[in-house]
2 protein chains.
Amino acid sequence: MAAMDLSLQQLRGFVAVAEELHYGRAAQRLNLTQPPLTRQIQGLERTLDVRLFDRTGRGVRLTAAGGVFLEHARRVLALLEVAPEATRRAADGTTGTLRLAFTAIGAYAVLADFLTMVGKRTPGVTAELTELVSPAQFEALANLEIDLGLVRPPIPAQFESLLVHSEDLVLAVPASHPLALGDGAVSLVDVTDDYIGYSPEGSQYLHDICAAMIGMDRYAVSQLASQVPTMLALVRAGLGCALIPRSIMAMGVEGVRYRELDAADAHSVTLHACWSPDNPNPALQRLAESLRLDPRLTT
Amino acid sequence: MAAMDLSLQQLRGFVAVAEELHYGRAAQRLNLTQPPLTRQIQGLERTLDVRLFDRTGRGVRLTAAGGVFLEHARRVLALLEVAPEATRRAADGTTGTLRLAFTAIGAYAVLADFLTMVGKRTPGVTAELTELVSPAQFEALANLEIDLGLVRPPIPAQFESLLVHSEDLVLAVPASHPLALGDGAVSLVDVTDDYIGYSPEGSQYLHDICAAMIGMDRYAVSQLASQVPTMLALVRAGLGCALIPRSIMAMGVEGVRYRELDAADAHSVTLHACWSPDNPNPALQRLAESLRLDPRLTT
DNA sequence: TGGACCGATACCGTGCTTGCATGGCCGCCA
DNA sequence: TGGCGGCCATGCAAGCACGGTATCGGTCCA
């Protein structure tokens, strides 16, 4: 009994006939002759086992079922209509999704501004955010699990990258600490207490820099943390001082004071946007292209 | 160059390959061999001018555009999937729309109950309501502009109908009227005032009945209205009495009292559901079939 | 480096769909 | 009321698109 299924030709034919209520005109509209149209509708009616038109000798009239099927057919054709354009836009990166990772510390400094910049350069692209430490980001970038990372150096040579932010470190001290009072720059040699250190796994870059600044002997003795809020909580509890990226100062924490470091001790830390040139995501390619042409991050 | 457009075969092929990420398995799933699938995808890519898969030698991988197109293809196929069933349901009246008309007066008495009854007999069918006087309903029924009417007699022979409601008339009098006080039955001969009459156009049936009950001489002299609320407002204003279907008593109006009529004067008025047997609306046919089998309106 | 796997291509056969011509039915009009 | 025109349905032959078989070419793995 012909369990044949619907074809788009049938749908288009049906919609044309339903709108014209006249096989001849509908056929003309479809650049067709009338007999094929008749057979298309017949096939449709046989497949659906439903009469779609009342043949009244004088033209045709939609049945109630025909009206329902008309709505469905129109929706199918409308969806089919927009699919190619949507696909092309996804292919050239006009629309799409950017899977973006950031370090816990990086988020505080630049994530919001970076997202704004991405939104301006590639409108229509949405971002999916994940927090990952830098080494995990490099692995995820290589596996195409993310498209873009906000990472600390060093950056493996296989990736393309752009300096996003550079800032120096400041000293966070407990409010009860002698150094909490002054407001000029302090030298690291004035700090006699322990330090709250960065975890060498979670924040290798900051760990290494701080270790170099202070010396491993004193740096290693205290708590290790990688989340900045955790570190500030430990500072506040009086367990020691900490070296913190300047941007974190925006985060006021009761019981914690910040001091500038002497120019001799200051050391800047950087954050980089980083991506794989091999990544096939068109949205990323479009953003990368834009960044190559104009690497400025403002505006 | 082939500005060829999409085919459902291509869509199904694409979805299968996108889900299996393997031409051979996808072909197997579609009861096909692999070469046609290759050509379908190639045709798709040519039509869209977009690469949908990355061929990596070892299997294939969806591109970002391919992922977008996959969603569209799935939606199209899903819509197409449900269309036949929805159409069949519309054809047998399981779903559909019933265009229902009612008289202004009929609405107060029985419309809600009637709709409840329709909802029980033909669940899935929705009602579209219009208010029309009975003659207009007959015309609309004949023109297939409505499917079902709630009308007053007489009903033209071409229609099928069912008694929906029968009730007698009661007398509405102004609160200031002498008759407003007692609570037994009154006789029409006790009414010495004018009557608020029904419009012979808007409410021909009630007009005729009342005219017969009272006599044209006294009935014709007063205000004519067809909307019951209007009539009650006129009664309340002391312009006269009115004969009102009993069900309207449920509508309490300040300043209006109701009195029973003597059995000798009581006259019942009826309301009928009415439809055209030729109406092709399957929802109506299903309801009519149900009413023929069991004309009781309760439950 | 040879074998296995996988997608692409070449070629051929078949079956669907189209167009042309015509039939059948209904409504209109003289 | 009979002829005519409009409209949908049908018969038939031709074209073409799609599927299957066989084979190629490239990649990965042992």
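Values below: every heavy atom of this structure, side chains too, minus hydrogens, waters and symmetry copies. Letters A, B, ... mirror the listed sequences (proteins, then strands); counts begin at 1.
Shown here are the side-chain hydrogen bond (donor to acceptor under 3.5 Å, both in side chains) partners of Arg39(B), two or more places apart in sequence or in another chain: there are none. Take Glu128(A) and apply the salt bridge (charged side-chain N to carboxylate O under 4.0 Å, His left out) test, not counting sequence neighbours, and it matches no residue. Qualifying side chain to side chain contact (heavy atoms under 4.5 Å, CB included) partners for Ser276(A), counting only residues two or more places apart in sequence or in other chains: Phe159(A), Asp278(A), Asn279(A). Scored by the salt bridge (charged side-chain N to carboxylate O under 4.0 Å, His left out) test, Arg12(A) finds Asp5(B) as partners (sequence neighbours excluded). Taking the salt bridge (charged side-chain N to carboxylate O under 4.0 Å, His left out) definition, one finds that Arg88(B) meets it with Glu85(B), sequence neighbours left out. Remark: Gln9(A) pairs with Ser7(A), Gln40(A) by the side chain to side chain contact (heavy atoms under 4.5 Å, CB included) rule, at least two apart or across chains.
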Check your understanding: If the sugar-phosphate is the primed atoms plus P, OP1 and OP2 and the base is the rest, what is the B/S/- string for nucleotides 25-30 of chain D, using protein heavy atoms under 4.0 Å?
Key -> ------
Study note, to complete from the structure: Protein heavy-atom contacts under 4.0 Å, written 5' to 3' over nucleotides 11-16 of chain D as B (base), S (sugar-phosphate only) or - (none), form the string B-----
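Across all their heavy atoms, Pro153(A) and Tyr205(A) have their closest contact at O-CD1, 3.1 Å. Scanning all heavy atoms of the two residues, the minimum distance from Ile146(A) to Ala101(A) falls at CD1-CB, 3.5 Å.
The residues Glu145(A) and Arg99(A) are annotated as not salt-bridged, no charged nitrogen and carboxylate oxygen being separated by less than 4.0 angstrom. Using a 4.0 Å cut-off between charged nitrogen and carboxylate oxygen, Arg74(A) and Glu71(A) do not count as a salt-bridge pair. A salt bridge does not link Glu289(A) with Arg286(A): every distance from a Lys NZ or Arg NE/NH1/NH2 to an Asp or Glu carboxylate oxygen is 4.0 Å or more.
Applying the ring-ring contact (aromatic ring centres under 6.0 Å, His included) test to every pair with at least one member in residues 37-58 of chain B, sequence neighbours left out, gives these pairs: Phe14(B)-Phe53(B).
More than 12 heavy atoms of other residues, nucleotides or ligands shown are found within 6.0 angstrom of CZ on Arg121(B). Annotation for Glu81(B): atom CD does not count as buried by contact number, only 12 or fewer foreign heavy atoms lying within 6.0 Å.
Within the helix from dT1(C)-dA30(D) to dA30(C)-dT1(D), the inter-axis angle between the opening and closing five-pair segments is 20°, rounded to 10°.
Rounded to whole angstrom, the span from the CZ atom of Arg46(A) across to the P atom of dA9(D) amounts to 12 Å. The nearest whole Å value for the distance from the CG atom in Leu62(A) to the C1' atom in dC8(D) is 16 Å. Rounded to whole Å, the distance from CD on Gln40(B) to C1' on dG19(D) is 10 Å.
Mapping Gln34(B) and Gln34(A) onto DNA chain C by nearest heavy atom places Gln34(B) at the nucleotide closer to the 5' end. Comparing Arg55(B) and Pro36(A) along DNA chain C, the residue whose closest nucleotide (by nearest heavy atom) sits nearer the 5' end is Arg55(B).
Counting heavy atoms from C-beta on, the side chains of Ile155(B) and His272(B) come closer than 4.5 Å.
For DNA chain C, the span of nucleotides reached by chain A at under 4.0 Å from its heavy atoms goes, 5' to 3', from dT18(C) to dA21(C).
At a threshold of 4.0 angstrom between heavy atoms, the contacts of Leu37(A) with the nucleic acid are absent.
Interface residues of residues 8-24 of chain A facing DNA chain C, ordered by number: none; criterion, heavy-atom separation under 4.0 Å.
Put simply, the side chain of Thr87(B) never gets that close to the backbone of Ala65(A): no donor and acceptor are under 3.5 Å apart.
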